[in-house]
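Okay, structure first, notes after.
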Amino acid sequence: MLTLKGILLNIIEKSEYKKDGESLATPVKAKLQILVDEKRANGSVTKVLHTISIPDSKIDLYKDKVSKEISVDVAIISKQFNFYGV
């Protein structure tokens with residue numbers, strides 16, 4: 001397991017997604033937007049915004065931490081290092 005550390009910029013609340021013409025809605029997990037310092041090969045640091053989904057049970061852990069540094073346990077789900085909370 002990995003830990004992603006950065007500044008919590010925003011919480012996107014869980015919701016439901018419904019396509020036009022469909023009767024059933026699909027639940028969508030809450031997401032955290034975290035600004036992370038990533039070190040480049042030449043030693044410089046860039047800021048990268050990651051939007052990660054988190055389990056519903058962990059939403060309350062982050063409600064009062066907007067604009068503060070947080071650590072989130074994550075796993076990688078693609079070659080492009082998209083994160084999701086665990």
Side-chain angles (χ1 to χ4, degrees):
M1 190 174 315
L2 303 170
T3 300
L4 185 66
K5 293 181 182 182
I7 304 297
L8 178 60
L9 296 181
N10 188 29
I11 298 173
I12 302 168
E13 298 293 334
K14 67 181 183 173
S15 61
E16 291 186 344
Y17 174 73
K18 188 174 182 181
K19 287 185 182 180
D20 291 335
E22 289 188 6
S23 59
L24 295 176
T26 302
V28 178
K29 287 184 176 183
K31 294 176 177 61
L32 304 177
Q33 290 186 308
I34 304 171
L35 191 61
V36 177
D37 288 340
E38 290 189 358
K39 191 172 183 179
R40 301 185 74 156
N42 66 4
S44 65
V45 176
T46 61
K47 304 268 187 198
V48 179
L49 179 65
H50 291 284
T51 302
I52 62 170
S53 62
I54 58 170
D56 292 347
S57 61
K58 295 194 176 184
I59 294 170
D60 290 336
L61 296 175
Y62 302 102
K63 292 270 185 187
D64 61 342
K65 293 185 172 57
V66 174
S67 298
K68 296 179 182 174
E69 186 171 83
I70 63 168
S71 297
V72 181
D73 291 331
V74 297
I76 299 172
I77 59 171
S78 77
K79 292 179 184 179
Q80 297 177 356
F81 301 102
N82 292 327
F83 295 104
Y84 66 95
V86 291

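In what follows, residues are counted from 1 in the order of the sequence shown.
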Atom [atom1] in [X], atom [atom2] in [Y]: separation rounded to 0.5 Å?
X	Y	atom1	atom2	result
Asp56	Lys14	CG	NZ	4.0 Å
Leu4	Ser71	CG	OG	8.5 Å
Lys5	Asp37	NZ	CG	12.5 Å
Thr51	Gln33	OG1	CD	4.0 Å
Lys29	Ile54	NZ	CD1	9.5 Å
Lys39	Thr46	NZ	OG1	12.0 Å

So do the side chains of Leu32 and Ile11 get within less than 4.5 Å of each other, counting heavy atoms only?
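When only atoms from C-beta onward are counted, Ile11 and Leu32 do touch, with a gap below 4.5 Å.
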
Hydrophobic cluster membership, with links at side-chain heavy-atom distances under 4.5 Å among I/L/V/M/F/W/Y: are [X] and [Y] in one?
X	Y	result
Leu35	Ile70	no
Val66	Ile7	no
Leu2	Tyr62	yes
Ile52	Val36	yes
Leu9	Val72	no

Asn42: side chain to side chain contact (heavy atoms under 4.5 Å, CB included) partners, not counting sequence neighbours
Arg40, Ser44

Minimum heavy-atom separation for Ser53 to Lys31, with atom names?
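Scanning both residues, the minimum pair turns out to be CA-CG, 4.0 Å.
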
